[in-house]
Amino acid sequence: MDAEPPSEMQLKQDLEKGDAATKIEALKKVIQMILNGEKMPSLLMTIIRFVMPMQDHLLKKLLLVFWEVVPKYTPEGKLLQEFILVCDAYRKDLQHPNEFIRGSTLRFLCKLKEPELIEPLMPAIRQCLEHRHSYVRRNAVLAIYTIFRNFEFLIPDAPELIHNFLEGEQDMSCKRNAFMMLIHADQERALNYLSSCIDQVTSFGDILQLVIVELIYKVCHANPGERARFIRCIYNLLNSSSPAVRYEAAGTLVTLSSAPTAIKAAASCYIELIVKESDNNVKLIVLDRLIALKEVPAHEKVLQELVMDILRVLSSPDQEVRKKTLNLALDLVTSRNIEEMVLVLKKEVVKTNNVEHEDTGKYRQLLVRTLHQCSVKFPDVASTIIPVLMEFLGDNNELAAADVLVFVREAVQRFDQLRPLVISKLLDVFSTIKAMKIHRAALWILGEYCTSSDDIQSVMTLIRQSLGEIPIVDDEMKKAAGEVKDDELQSGGSVQRLVTADGTYATQSAFSTRTTVKKEVPPLRKDMMDGDFFIGAALATTLTKLALKYINITQDKKRQNAFVAEAMLIMATIIHLGKSGLPAKPITDDDVDRIAVCLRVLAEKSDLMVEIFNTACRGSLSLMLAAKIEEEKQLQAAAERKIVKVHADDPISFVQLINRSDQGAGENLFELTLSQALGMNAKKDSDPLGSSKLNKVSQLTGFSDPVYAEAYVNVNQYDIVLDVLIVNQTADCLQNLTLELATLGDLKLVEKPQPLTLAPHDFCNIKANVKVTSTENGIIFGNIVYDVTGAQSDRNVVVLNDIHIDIMDYIVPASCTDTEFRQMWAEFEWENKVTVNTNILDLKEYLEHVMSCTNMKCLTPEKALSGDCGFMAANMYARSIFGEDVLANLSIEKPLHLGKDSSVQGHVRIRAKSQGMALSMGDKINLSQKKVAKVLAG
């Protein structure tokens, strides 16, 4: 477009004498100027004389747009005479041999709002219903439907005409449009037609089948007595070749019938869709439908029979799909099918063995947790699950192995009969464990639950093998002195144990032993040589427990002393190694203290210490597991409380009198889903006056500016809609008034708003769409530019205030396990530390305030937060609608020496994957703190 708008004379000359390309450009400019408020009556005859006779297809399309926007009436309200010529031209176009021109003209007629123009064209429109090409017939049906809806008097027999057309039509798109018209214009005829061909419905095309499903739903929703007539048709459509039709038919069947056979058929259809569809979004949407079915108590029993079918969905490679499937299966599994489910899950676990992919480890974790919950829910299957899971303790994925150990620890505590099995299996796999954390936990379990003399001796042998030759410092010094002494090490090792310096057996060849000495270091020694002596402290605790138990079960004093001496030697050598300077990092004071306490316990053997080591530790675990079970019960009870039971004296709901927001299942699902897609179903506001909407209005200009503007910001998931009110406060006509917007952050303007012409003291609304791609605070800024009629000066500019998009519209509370939280905390690289600056006096109140401001969920259990000690630490977690995670750690205190009226002190650390998220959440906490401070101060 030119910077200066072209003159009317110039346009007239281009339209009269230019070639096709010039006329196209000129016509585009004319359309643009008419949209901006120019009238241009003198160009109407020029276009009729010189442009309409042209046969160029693009020109014809532009003419359709031109006739749509051009003013068609005189100031007195009469139709312009020139439009008689236009009508004649369109009558000719409706009889044109080219089907594209006929079809385009018919589409254009759908937009005409002037019955005087349409009336002369009615015979030609009717003729188009018999055209050989389906494109023309399809658009003819649409044109007749629109004309019948807007001006029924022009074609009163339209329903009958279309019904007859439908009887003889073969093309599916034409039949779909005709049937759609009958649904809205004459539902009785549509039902009669459907009844006449109800047996052939499965052979129709998918577009027609979708419309049939919609009609059946609407009819049965309005008149439940019709259900019996059409429900068989819906059953048949569950076998349609189109996935979309099967999905809609299943959804309709569930709403029309709650019979177990109907629910089973719909659920089976959903499962087939999930398994066969390749798109993950489709899988997740259909899975949500299945989960919604499960929420209805009557349907849950039906779904319990389909658990094995639901598990077929695990063939999907997507992590989210698998997670939802396992959760659903776990909720539905019963004692009848638990064994089959465990078999399937065990097969899935085995499948993940040799596949190395980034998601395999996470999937293995999911399977381990599901099997863990299965064994808690059904203790009988625990004995079959444990051997399979124990194999994973040597897994490279530390998290999967940690999940197995948590499960083993719980199983060994809860189920006494499984202890021998668990201990023997753990002793078998101990040598394959690679991760230090897993070693620590496995040692704790062995120290706590090994009770027989043989088991205790086996554990000691394993520990000696994992440490290598002791004293460790002497052994390491010999190795460091030179490789020549390797042969001496092999021959001079302690023969009675049949173990060489590195913990391997002496029966190996000299060559292989030498290689092993050089390359392999026993696992526990390797960890300590790397400077990680926490494993040494854990080992000391285990040895102490084992020694104290060994004293109780062995009467022979000599053997008792030998075992205790060996345990004390191992502890002493760990301290010696830590202080020697050989490891990468020296031993910490805490670890030295812990090992020294263990040495002292074994030296003194006081009754109190024996009690603490042998009984109190297990008591602590029992308390923790009991608290966990209690928490699970409370969650289950809370979920059960939500189930609405119908009481005998409940009031009866009449559909005609029911409040729209309370309709629930009775609401028309098609209208509901449409309103959801358009973002019209805003949450029910707690205030009837809608003051929360007024809170979202941003004033963009001042009251004294020539143009006043304000915007209502409506955030709808991934879109932001700005509804901008613009008021001309001057006595001049403002031309080419344009709202120019720009964005900062991950926001993208979808389209540039069109220029307008504003009369004196007039106002208008402009809508602008902004796409959001990630979670961070965005800013929309810009200006309004306009020309004043008759003024020779440059364009006028009014600069707008910035609109700040609140990050909280995308953040939703979420939950994760402690392990996942720690893993994410370690992985996320962006941290924002916010210092607490508030007038809130209570620690708990401050935590609740931060949670409400940031939409985060507190992961720290209520029991850990209760009590009053003047200090609080809590973990919080939330997730954005784009799948981004944000973590927060709150560390606050109320110093006692400052008195009761002192405010909360401390800091909040926020971690996220992206810088924008971490900074935005920090800003949010900072701003909300200050607001609270002002409110309380006032």
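Keep in mind that the numbers below use all heavy atoms, side chains included, and drop hydrogens, waters and symmetry copies. Remember, predicted model here, so these are calculated numbers, not experimental data.
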Using side-chain heavy atoms (C-beta onward) and a distance below 4.5 Å, is [X] in contact with [Y]?
X      : Y      : answer
Ile726 : Val724 : yes
Leu739 : Leu741 : yes
Leu62  : Ile31  : yes
Leu59  : Leu27  : yes
Arg102 : Leu94  : no
Tyr247 : Ser242 : no
Arg137 : Cys128 : no
Leu722 : Lys767 : no

Between the main-chain N or O of [Y] and the side-chain N or O of [X], is there a donor-acceptor pair closer than 3.5 Å?
X      : Y      : value
Tyr235 : Ala265 : no
Asn728 : Asp762 : no
Thr255 : Thr252 : yes
Thr261 : Ala259 : no
Lys23  : Phe50  : yes
Asn164 : Glu160 : yes
Lys283 : Glu277 : yes

Is the ring pair Phe153/Phe151 parallel, tilted or perpendicular, if the boundaries are 30 and 60 degrees?
perpendicular
Who passes side chain to side chain contact (heavy atoms under 4.5 Å, CB included) against Leu64, sequence neighbours left out?
Tyr90, Ser104, Phe108
Below 4.0 angstrom, N of the basic side chain to O of the carboxylate: do Asp309 and Lys264 qualify?
no
Do Ser173 and Arg138 meet the criterion of a side-chain donor-acceptor pair at a distance under 3.5 Å?
yes
For Asn714 and Asp723, test the side chains for any donor-to-acceptor distance below 3.5 angstrom and give the result as yes or no.
no
Return yes when atom [atom1] of [X] has more than 12 non-hydrogen atoms of other residues, nucleotides or ligands closer than 6.0 Å, and no otherwise.
X      : atom1 : answer
Arg49  : CZ    : no
Gln95  : CD    : yes
Lys294 : NZ    : yes
Arg312 : CZ    : yes
Phe100 : CZ    : yes

For the pair Glu272 and Arg246, evaluate salt bridge (charged side-chain N to carboxylate O under 4.0 Å, His left out) and give the outcome as yes or no after the intermediate values.
CA-CA 10 Å; Glu272 283 299 316; Arg246 293 207 301 277; over 6 Å; no
Would Phe179 and Lys175 satisfy side-chain contact (heavy atoms from CB on, under 4.5 Å), going step by step from the backbone distance to the final call?
CA-CA 6 Å; Phe179 192 69; Lys175 285 178 95 162; 5.9 Å; no
Minimal non-hydrogen separation, [X] against [Y], with atom names:
X      : Y      : value
Cys233 : Ile216 : SG-CD1, 3.8 Å
Ile766 : Pro753 : CG2-CB, 3.7 Å
Ala266 : Ala250 : CB-O, 3.7 Å
Tyr135 : Gly103 : CE2-CA, 3.5 Å
Asp14  : Ala26  : CB-CB, 3.8 Å
Ala244 : Leu210 : O-CD2, 3.9 Å

Per the side-chain contact (heavy atoms from CB on, under 4.5 Å) rule, which among Ile125, Ile144, Leu121, Ile101 passes with Leu106?
Ile125
Please lay out, stage by stage, how Asp56 and Lys61 fare under the test salt bridge (charged side-chain N to carboxylate O under 4.0 Å, His left out).
CA-CA 9 Å; Asp56 184 89; Lys61 280 191 83 170; over 6 Å; no
